[in-house]
Structures are given as C-alpha cells and as structure tokens.
Amino acid sequence: MLNMLTIPPPKPPSPFSRSTRTENEEKNPLIFDASVLQHQPNIPQEFIWPDHERPCSSGPPELVIPPIDLKAFFNGDDLAMSKASKLVNEACKKHGFFLVVNHGIDSELIKKAHEYMDYFFEMRLQEKQRAQRKTGENCGYASSFTGRFSSKLPWKETLSFRFSAEEQLPSIVEDYFVGLMGEDFRQFGKVYQEYCEAMNQISLGIMELLGMSLGVGREYFREYFQGNDSIMRLNYYPICQKPDLTLGTGPHCDPTSLTILHQDQVGGLEVFVDNKWHAIIPNPDAFVVNIGDTFMALSNGIYKSCLHRAVVNNRTVRRSLAFFLSPKMDKLVIPPTSLVGPNSPRLYPDFTWSSLLEFTQKHYRADMKTLNAFTQWIISNKVN
Ligand SMILES: C=C1C[C@]23C[C@H]1CC[C@H]2[C@]1(C)CCC[C@@](C)(C(=O)O)[C@H]1[C@@H]3C(=O)O
Ligand SMILES: O=C(O)CCC(=O)C(=O)O
Ligand SMILES: [Fe+2]
C-alpha cells in the first residue's frame, strides 16, 4: 500500500503550466492567469515574438491623423461637409485611419464602458471562464488565445460579443450576458447594449461621410449597413514585465468593415505607415476609426485597410473598446458600380461577411494579408 506521507503535496498550479505535459497543446492549453503572470519576471516562450516583429525600442513617432468634426459634418454648411469629406478621402486612400470628435456620445457612457471592463477582468480566472469563448466561435472570454494558437500569443484578455442592429433583437447584448453569467450581469449587459447602440449610430453616420467622400452619395453605405451584424470586443492588456519581447495584439488588418475604437489614456496602438510603426496618441474625446478589409473590398480597393498592432507595458494595465462594424452575414460584398470601370477593374471576388468570418476563425489567423489569402481561398475553392 502506498504510504500517503511519501506522496508530495500537489503543487499550486503555475500560471505557465499545462495540466499534463505529455498531451498536445490543443488539448492542454497553456493557462494565462493575468493576476499571477503580470508579476512574473520572465514570460513563457509562447508569448515571445520574433525579433523583427517586436515593439520598437525607442518610442515610435506619432501618426498625425485628421480629427473629423462630426457635428460640423451633420449640422454645418456645405463647406464644412466638403471639408470633412476631403479629409476622410485623403486619410482613407493613404492608410484608412482618422479620428472622430464632437461625436455626441455621452462621456459618462464611455467612462462606464471602461469601468465595467475592470469589473469583469479583475474577477478570478475561474469566474471569467464562465464566459469562455468556444473553439470556432468568436464570442466570449479569451485569455491570450492559449487554446487557439500555439505561438506568438498576444498578451491580452478579450471579451467579445455580437451586436445586431436588427429591430427584432433590441436587447441582444443584455440577453447574452444574463444568459451566460446570470442576473447579476444585467446591469453589465445594459451598459454594453447602450454602448453598442451608440456605436451603431455613429458608424452609420460615418458611413454617410464615407459614401460622400467616395462620390456614391450619403445614403449608399448607410443603407448597406442597416441591420448590421457587428462584433464588440473589450481588450484588456495586463501589465507585462517583458513588454519588449511581446505584443498585446499582433500586426493585423481588421477583417471587418469599420472599427471604432476608444483607447484609455495609457497608449499602445500603433499603425504601420510609410514603412515604419507610428503611435496613435490617446485622446479621451475622440474615437479612432479605421477601414477594415471588408470595406476595402466594398470600395474596390480605393480605401485602405492598414496594418496595426498594440504594444503592452510594465507600468499599467491598458484597456480599449473596439466596435467592429460588419454587414449582415449573407449580404454580398460588392463595390457600387460607379467604383468599377475599365481603368478600375474589380480587385476582389464577390463574398459574404459570413464566409470571411469563417475563414478568420477556422482557417487563417488574421494578419496583414487576410484579404489576399481569402481571395485565393475563394478562387481555389471555386475551381475544386
Ligand atoms: C472577425 C474578427 C476576428 C478578430 C475579431 C473580429 C474582428 C478583428 C479580428 C482580430 C482582432 C484581428 C487581429 C487578430 C485577432 C486574432 C486578435 O488578435 O484578436 C483577430 C480576432 C479574432 O480572430 O479573434
Ligand atoms: O487595443 C488596441 O488599441 C487595438 C486593438 C485592435 O487592433 C483590435 O482589437 O482589432
Ligand atoms: Fe484591429
């Protein structure tokens, strides 16, 4: 019989540990427990990015992007409208990033949306895992994507959920959280329901501006995105003791149509323009807007979806709120006829947002080449 005294007491689970080391990573993902990991002097090798992708050692130069005054665009005269539309046109042809200010969204709502992030992400790992994102799905809680990828892991936790602008789904966000986490999360759900509705309104307004700037009329894209099926994502970047070796979000172009981001005061968002990384300096009164791959296809490549990433630091947690506007799942992504012609042939095949979403969730990790890889994938699937 075994002498119980000779059996060593079980070790407390290490934040780096796998449940057993013999099985493969898919079955035994690395555990990312931020409450422990933020204090570790070293980081697991899965988080170490190759040299050429690591953050710049000296702070990158600022990317100066135009602040678009939304109030002036909607209430101003023709001159204010054409000024905004020209600035947007220039920015979107070059890199697809601009700011919106005077947007009319209650600063208290934005503040609450940041505070409720702390409420969720400061919970114990086990509690957060009640909302665990399942394989192949894009909603729920993910700590560092440990179960999803095996290298170049991002130093972040995320909570993602679906927002639908369909009238029949007026409380989709609230219902999601109550269903997943119980009645205690009703208020939490209400805050993000309200935040997503504000994001939906502002994104339809920006669609008017984009339509005007592309010369297809104010209504074209606003109508296209009626009833949109969008994704809201809360990004929470814990402190990292080795921020120079890793990334919070790796270099990628958003596969979605338009991203509306609110970053806190910490800073960390970087954009790759003119062959180098540039920082977007936080501005609490502004939203950072960028064109995603789906809108690049909708504009027949005229507007660019640009490579960006987020770096982490060893001083403080960083938060960002990203609303990813996307069309209804089965809506065809085709540019308006006026953007296609003998000198500007179609650059991308017809596709649906649901097929690009499936591609990024099941076949391809979103990066700077997603749209080209997806185009090839469609072409080869058609042939076979
Ligand atoms: C459709 C999506 C895939 C991602 C979440 C939404 C919108 C943006 C995508 C993402 C953020 C692009 C960068 C890489 C990614 C893996 C991430 O770091 O979060 C992407 C998301 C994802 O696949 O979960
Ligand atoms: O956190 C950030 O500033 C950027 C995050 C991002 O690019 C994303 O979630 O797609
Ligand atoms: Fe992004």
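Each ligand, and each atom within it, is numbered from 1 in the order the structure gives.
Considering Met232, Arg148, Arg309, Arg233 only, the shortest heavy-atom separation from atom 23 (O) of ligand 1 involves Arg148.
Close to ligand 1: Pro255, with a non-hydrogen atom less than 4.0 angstrom away. Put simply, part of Leu357 is less than 4.0 Å from ligand 1, judged by heavy atoms. Residue contact annotation: Arg133 has a non-hydrogen atom under 4.0 Å from ligand 1.
Because its NZ or CZ atom is not both nearer than 6.0 Å to the ring centre of Tyr195 and within 45° of the ring axis, Lys112 does not count as a cation-pi partner of that residue.
A donor-acceptor pair shorter than 3.5 Å cannot be found between the side chains of Gln201 and Glu197. Side chain to side chain, His95 and Asp274 fail the donor-acceptor criterion of an N or O pair below 3.5 Å.
Remark: minimum distance from atom 1 (O) of ligand 2 to any protein heavy atom is reached at Tyr237 OH, 2.6 Å. Closest to atom 9 (O) of ligand 2 among all protein heavy atoms lies Asn235 ND2, 3.1 Å.
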Below 3.5 Å, can you tabulate the donor-acceptor pairs from side chains in residues 293-301 to any protein atom, sequence neighbours excluded?
unit_1: Asp293; atom_1: OD1; unit_2: Ser305; atom_2: OG; d: 2.7
unit_1: Thr294; atom_1: OG1; unit_2: Pro255; atom_2: O; d: 2.6
unit_1: Ser299; atom_1: OG; unit_2: Phe295; atom_2: O; d: 3.3
unit_1: Ser299; atom_1: OG; unit_2: Met296; atom_2: O; d: 3.1
unit_1: Ser299; atom_1: OG; unit_2: Ile302; atom_2: N; d: 3.3
unit_1: Ser299; atom_1: OG; unit_2: Tyr303; atom_2: N; d: 3.0
unit_1: Asn300; atom_1: OD1; unit_2: Leu347; atom_2: N; d: 3.0
unit_1: Asn300; atom_1: ND2; unit_2: Leu339; atom_2: O; d: 3.1
unit_1: Asn300; atom_1: ND2; unit_2: Ser344; atom_2: O; d: 3.2
unit_1: Asn300; atom_1: ND2; unit_2: Pro345; atom_2: O; d: 3.3

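Residue His252 has at least one N or O atom closer than 3.5 Å to an N or O atom of ligand 2.
Aromatic ring centres of Phe287 and Phe323 lie farther apart than the 6.0 Å criterion allows.
For the Fe ion (ligand 3), the tally of protein N/O/S atoms lying closer than 2.8 Å stands at 3.
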